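Scroll down for the structure; my scribbles are underneath it.
In what follows, every chain begins at residue 1, and chains take the letters A, B, ... in the order their sequences are listed. Please read all numbers here as calculations on a predicted model, not as lab measurements. Both backbone and side-chain heavy atoms feed into the values below; hydrogens, waters and symmetry mates do not.
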Number of protein chains: 2
Amino acid sequence: MARRGDTIELAVLGLLHEGPMHGYELRKRLNLMLGWGRVLSYGSLYPALKKMLRANLITEVSTTTTPTSRRPRIVYEVTPAGNEQFQRLMSEVGPTAWEDDNFDIRFAFFSSTDMEIRLRVLEGRRSRLQERLARVQAELARTQAEVDRYAGELQRHGVESVEREVRWLSDLIRAERGDEGPATAPATKPVGTD
Amino acid sequence: MARRGDTIELAVLGLLHEGPMHGYELRKRLNLMLGWGRVLSYGSLYPALKKMLRANLITEVSTTTTPTSRRPRIVYEVTPAGNEQFQRLMSEVGPTAWEDDNFDIRFAFFSSTDMEIRLRVLEGRRSRLQERLARVQAELARTQAEVDRYAGELQRHGVESVEREVRWLSDLIRAERGDEGPATAPATKPVGTD
DNA sequence: GTTAGCATGTAAGGAGTTACATGATTTT
DNA sequence: AAAATCATGTAACTCCTTACATGCTAAC
């Protein structure tokens, strides 16, 4: 079962899926990818790589092929076992918190999986969001007038944001089913109900 | 300077600002308030309360006044020092990550501060979001076509969401300046540029 | 009478950050 | 020549979660 800490593992396997890379570059790519907020520190990346080496998910590749005679960098490559693990982490159904925390990463690597898994991840996220939406809206109805102005405004904005994301997911699911990848632009147009 | 762990402290002080409460109730209110995602566990709440007691930010209040003869609950009340700390945490300018992590909590307690602080918090958040937006869009322009379909779609959606939040913040700032609290509905209307 | 919710706490462990340590290479 | 960036790592520390431990009260 997927644990909290498997996030870095998933991200590293996903990036290495595109080709060999060394630690420093992995960190840079990761920080661009997950640019919205948190950055990953070396203090967690390097130990994670060591752990993955021991688990035989990745292997070191000699850098001697580099023509420009740079300083020795440790380039990693994904093993067959690593690819298996990647597919497992991409598709596994775990606790809500884990799946929500890793949705973005999974999405970013959608090209490296098949449609079946993409649909499961998208639909899973949508149903979790809808469930929460229902709970929050029930709560809102129950406590109606007694909420603070600002707290209420925050709730309202939160609900609206989640509703948008649900519509976005619905568009993507439709596109996926219609077999034409993510829609390139129409997310702002009225798309009817979900 | 505000540390990462001051989040619970801020939230507890904010809730107690509305009146005395015991731990169990604090947790419930908090989990409703921050309903979008993570829940706070007893394992972090109770030790935090103990720590705040020692720091003299809150005090225990005897529950003997309760008429229904319930089991003894430990009801906490905020001290003058606690109120000072609350105002400090509400207004303090810290590292980006801290301010971003705590924006929602600060917003939810806006009624307990004055307009000066509300404006500073709202404008601070808006400028941080705009800065990130600029960075990401520059990055998007630089790497144009070479991005993966799904990774690109994720970026696009992220930019759109942040742009929405910037408009929301601008509405709130305008309302705050016009002295009429948060707008009750017009967030979906076109509001021009920021 | 037993399940569900109220109520408070502790201990162990996970995951990641910050700060430290080191040194090569490229740019200014 | 200095500053920035490339590049890899370790140690200490922080914050939080999970799991455990305990017992009362209300509802079914």
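- Taking every side-chain heavy atom of B:Tyr42 into account, C:dT8 is the closest of D:dT10, D:dC15, C:dT8.
- When the C1' atom of C:dC6 is taken as reference, atom NE2 of B:His22 falls 8 Å away, rounded to whole Å.
- For the pair A:Asn31 CG and C:dG16 P, the computed distance is 13 Å after rounding to whole Å.
- Nearest nucleotide to the B:Ser41 side chain, out of C:dG9, D:dT18, D:dG9: D:dT18.
- Considering only the side chain of A:Lys28, D:dC6 comes nearest among D:dT10, C:dG9, D:dC6.
- Atom pair B:Met21:CE and C:dC6:C1' shows a separation of 16 Å (rounding to whole Å applied).
- In this structure, the CG atom of B:Leu45 is 12 Å from the P atom of C:dT10, given to the nearest Å.
- Of the candidate nucleotides C:dT10, C:dT17, D:dT8, D:dT8 has the atom nearest to the side chain of A:Tyr46.
- In this structure, A:His157 and B:Trp168 have parallel ring planes: the angle between them is below the 30° cut-off, well short of the 60° mark.
- B:Leu26 places its CG atom 15 Å from the P atom of C:dC6, with the value rounded to the nearest Å.
- Ring centroid separation for the pair A:His17 and A:Phe86 comes in under the 6.0 Å cut-off.
- Close to D:dC15, at under 4.0 Å from its OP1 or OP2, lies no side-chain N or O of B:Ser44.
- The separation between B:Trp98 atom CH2 and C:dT18 atom P is 15 Å, rounded to whole Å.
- Within the model, atoms CG of B:Leu15 and CG of B:Leu10 stand 9.5 Å from one another, a figure rounded to the nearest 0.5 Å.
- If you measure from atom CD1 of A:Ile74 to atom C1' of C:dA24, you get 15 Å, rounded to the nearest angstrom.
- Atoms CG (B:Asn102) and P (D:dC15) sit 12 Å apart, rounded to a whole Å.
- When heavy atoms are screened at a 4.0 angstrom cut-off, A:Gly23 is found touching the sugar-phosphate backbone but no base atom.
- The listed nucleotides are D:dG9, C:dA15, C:dT8; the one nearest the side chain of B:Tyr24 is C:dT8.
- Classified by interplanar angle (parallel below 30°, tilted 30° to 60°, perpendicular above 60°), the ring pair B:Phe107/B:Phe103 is tilted.
- Closest to the side chain of A:Arg4, out of C:dT17, C:dA15, C:dA7, is C:dA15.
- Put simply, B:Arg3 has a side-chain N or O that comes within less than 4.0 Å of OP1 or OP2 on D:dC15.
- Taking the ring axis of B:Phe110 as reference, the NZ or CZ atom of A:Arg149 does not stay both within 45° of it and closer than 6.0 Å to the ring centre.
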